[in-house]
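See structure below.
Order of the sequence lines sets the chain letters (A, B, ...), proteins ahead of strands, with each chain counted from 1. As the structure is a prediction and not an experimental result, all values here were calculated from the model.
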Amino acid sequence: MPVAKPESSDSRVIAHVDMDCFYVQVEQRKQPQLRGLPTAVVQYNEWKGGALIAVSYEARKFGIKRSMRGEEAKEVCPQVQLVQVPVARGKADLSGYRNAGSEVVSILARRGRCERASIDEVYLDLTDAAEMMLADNPPQGMETIDEEALKSHILGLNNEDGSDVKENVRNWIHRHNADHRDKLLACGILIVAELRMQVLKETEFTCSAGIAHNKMLAKLASGMNKPAQQTVVPFSSVKGLLDTLPIRKMKQLGGKLGISLQMDMGVNTVGDLLQFPEEKLQERYGINTGTWLWNIARGISGEEVEGRLLPKSHGSGKTFPGPRALKTVPAVQHWLNQLCEELSERLCSDLDQNKRIAHTLTLHARAYKSSDSDSQKKFPSKSCPLRYGTAKIQEDAFNLFQAGLREYIGFYGGKTRGSHCRGWGITSLSVSASKIVPIPSGTCSIAKYFHGQSTSHFSSMQSSDNLNTEATLSLPSGSI
DNA sequence: CATTTCGGGTGT
DNA sequence: ACACCCGAA
């Protein structure tokens with residue numbers, strides 16, 4: 001659990017920006033005739049029409065939900081437009097969505113520290129930008145407030161019957177007697193509205209946003225009014241917001257921990273947590289998680305927005321469900337080669353574009369063992385130093401798999417004849433690259449890592465293709 | 001063992 | 001290093 005020092009007097013301006021049904025928007029930008037139609041993105045479509053992973057708001061009106069099957073969606077709404085995720089090397093290829101996410105990040109990073117939280121979400125620390133605006137052009141003195149900002153939802157703002165909602169927002173932003181925190185959030189409203197308009201103009205994507213004094217509240221708010229809207233959480237409305245909020249709505253509490261709070265402690269809402277002394281929460285959930293929970297109940301979260309525009313790892317994986325389980329070593333090798341090819345390509349792009357090098361290769365697999373003493377044993381993950389070059393990565397990944405398989409099946413494996421094996425099947429495979437670090441500053445070439453090879457030789461092989469097939473880049477661990 | 005494919009994080 | 005949890009399209 002994140003344990004950053006909490007400040008009850010937290011006056012930061014934090015925004016969480018969340019793209020609306022992002023994969024759908026990416027596909028609709030590629031095929032503009034789909035705009036405005038009920039649309040969903042499906043992964044594969046051979047088995048029951050594929051799995052829905054993103055659903056447009058028009059399609060949601062028909063009751064179409066994520067995790068439905070394509071065929072099921074067609075039953076509920078025959079006119080729904082189903083777009084398939086691109087396939088490359090026999091697996092889903094998400095690169096188009098990753099690249100679209102990068103477009104958005106590069107825009108949102110203009111006004112403050114920016115953290116890429118996922119493929120379609122970012123946190124922004126706009127404190128400095130808000131303080132600056134307050135100092136030399138405060139919203140209280142502005143003639144006109146942008147229309148996009150006036151569409152903001154401000155939690156706790158009284159919209160009496162018959163009152164003009166936009167006028168209320170305008171008044172809230174203009175208030176001279178507001179405390180410093182509300183004035184900072186008013187600046188946040190304007191900055192985020194402008195950023196969202198820039199994102200729309202430059203990428204054609206809409207997004208929603210939450211603006212609050214910390215990451216937890218900003219994240220909570222960004223999901224409250226979608227699509228294409230923004231929501232503000234003034235300090236004074238925090239208690240009222242959390243008091244009746246179901247515990248599972250809080251990030252990190254949507255899983256087992258949230259269930260445990262409900263079942264074991266009788267905590268149904270965030271407000272219910274307030275009754276428990278910090279020590280009680282600590283003895284039940286540990287020092288870190290206990291304190292974290294105590295703070296959450298009070299709307300306190302000191303987590304910083306990390307300045308990080310790039311992912312910390314790259315992974316490529318595929319599942320082989322049901323009868324598709326891989327039952328021979330050569331079949332596993334074939335798919336590992338496909339996964340490693342994709343991973344290698346992405347590592348080369350990262351090297352070219354961001355001058356970063358990954359240091360660790362990890363293989364994950366899931367397997368079943370039908371008739372065996374411990375058929376519920378898990379296939380172990382294995383990792384090793386990462387060597388660049390597609391063939392090297394494929395070789396290393398296969399060796400990791402074989403090491404894991406020997407452990408998994410035990411000394412007396414189930415090999416029968418040739419390469420056919422009985423008693424086990426691989427239901428998922430994934431390879432990932434982590435411990436990614438920038439090449440030391442001042443170095444824009446990787447030539448120095450080819451010990452024994454001349455720089456001039458390297459300078460003739462900068463293309464990704466050469467690097468993919470020829471390079472034998474191997475970093476001594478700890479050399480960066 | 002038919003959501004799948006990611007990515008981030010903590011505990012040991 | 002490895003197991004397990006969390007959440008999002």
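- Remark: A:K91 is in phosphate contact with B:dC6, judged by side-chain N or O atoms under 4.0 Å from OP1 or OP2.
- Comparing atom distances between the A:P311 side chain and each of B:dT4, B:dG11, B:dG8 picks out B:dG8 as nearest.
- A:R324 has its CZ atom 10 Å from the P atom of B:dT5, to the nearest Å.
- For the side chain to side chain donor-acceptor pair (under 3.5 Å) test, residues two or more places apart in sequence or in another chain that qualify with A:E204 are A:R35.
- In this entry the distance linking CD1 of A:I287 with P of B:dT12 reads 13 Å, nearest Å.
- Comparing B:dG8, B:dC6, B:dT4 against the side chain of A:R346 picks out B:dC6 as the nearest.
- Here the options are A:H153, A:R196, A:K151, the test is side chain to side chain donor-acceptor pair (under 3.5 Å), and the partner is A:Q229; only A:H153 passes.
- Looking only at side-chain heavy atoms (C-beta outward), A:Y23 and A:L94 come within less than 4.5 Å of each other.
- The NE2-P distance, from A:H314 to B:dG8, rounds to 9 Å in whole Å.
- Atom CD of A:Q33 has more than 12 heavy atoms from other residues, nucleotides or ligands within 6.0 Å.
- At whole-Å resolution of the value, NZ in A:K65 and P in B:dT3 are 17 Å apart.
- Applying the ring-ring contact (aromatic ring centres under 6.0 Å, His included) test to A:W335 and every residue at least two apart in sequence or in another chain returns A:F320.
- Here A:S428 lies out of heavy-atom contact (under 4.0 Å) with every strand.
- When each of A:E115 and A:P323 is assigned the nucleotide of DNA chain B bearing its nearest heavy atom, the one mapping closer to the 5' terminus is A:P323.
- Applying the 6.0 Å contact sphere to CG of A:D128 captures no more than 12 heavy atoms from other residues, nucleotides or ligands.
- Here B:dG11 is the nucleotide among B:dC1, B:dG11, C:dA1 with the atom lying nearest to any side-chain atom of A:T289.
- B:dT3 atom P lies 17 Å from atom CG of A:N45, rounded to whole Å.
- Of the two residues contacting DNA chain B, namely A:K312 and A:M68, the nearest-nucleotide position lying further toward the 5' end is that of A:M68.
- Spacing between B:dT3 and C:dA8 at atom C1', rounded to whole Å, works out to 13 Å.
- Between the NZ atom of A:K327 and the C1' atom of B:dC1 there is a distance of 9 Å, rounded to whole Å.
- Between C:dC2 and A:S383, a contact under 4.0 Å exists linking OP1 or OP2 to a side-chain N or O.
- Across B:dC1 and C:dC5, the matching P atoms stand 14 Å from one another, rounded to whole Å.
- For the pair A:L429 and A:L326, the minimum side-chain heavy-atom distance is below 4.5 Å.
- Rounded to a whole Å, the OH atom of A:Y44 is 9 Å from the P atom of B:dT4.
- To the nearest angstrom, P of B:dC6 lies 14 Å from CG of A:L363.
- Distance from the side chain of A:S67 is smallest to B:dT3 among B:dT5, B:dT3, B:dG7.
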Base-contact (B) and sugar-phosphate-only (S) positions in nucleotides 3-9 of chain C, heavy-atom cut-off under 4.0 Å, - elsewhere: SSSSSSB

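- A:E342 and A:K91 are joined by a salt bridge, as a carboxylate oxygen and a charged side-chain nitrogen come within less than 4.0 angstrom of each other.
- Comparing atom distances between the A:T319 side chain and each of B:dC1, B:dC6, B:dT5 picks out B:dT5 as nearest.
- Between B:dT5 and A:S430, no contact under 4.0 Å exists linking OP1 or OP2 to a side-chain N or O.
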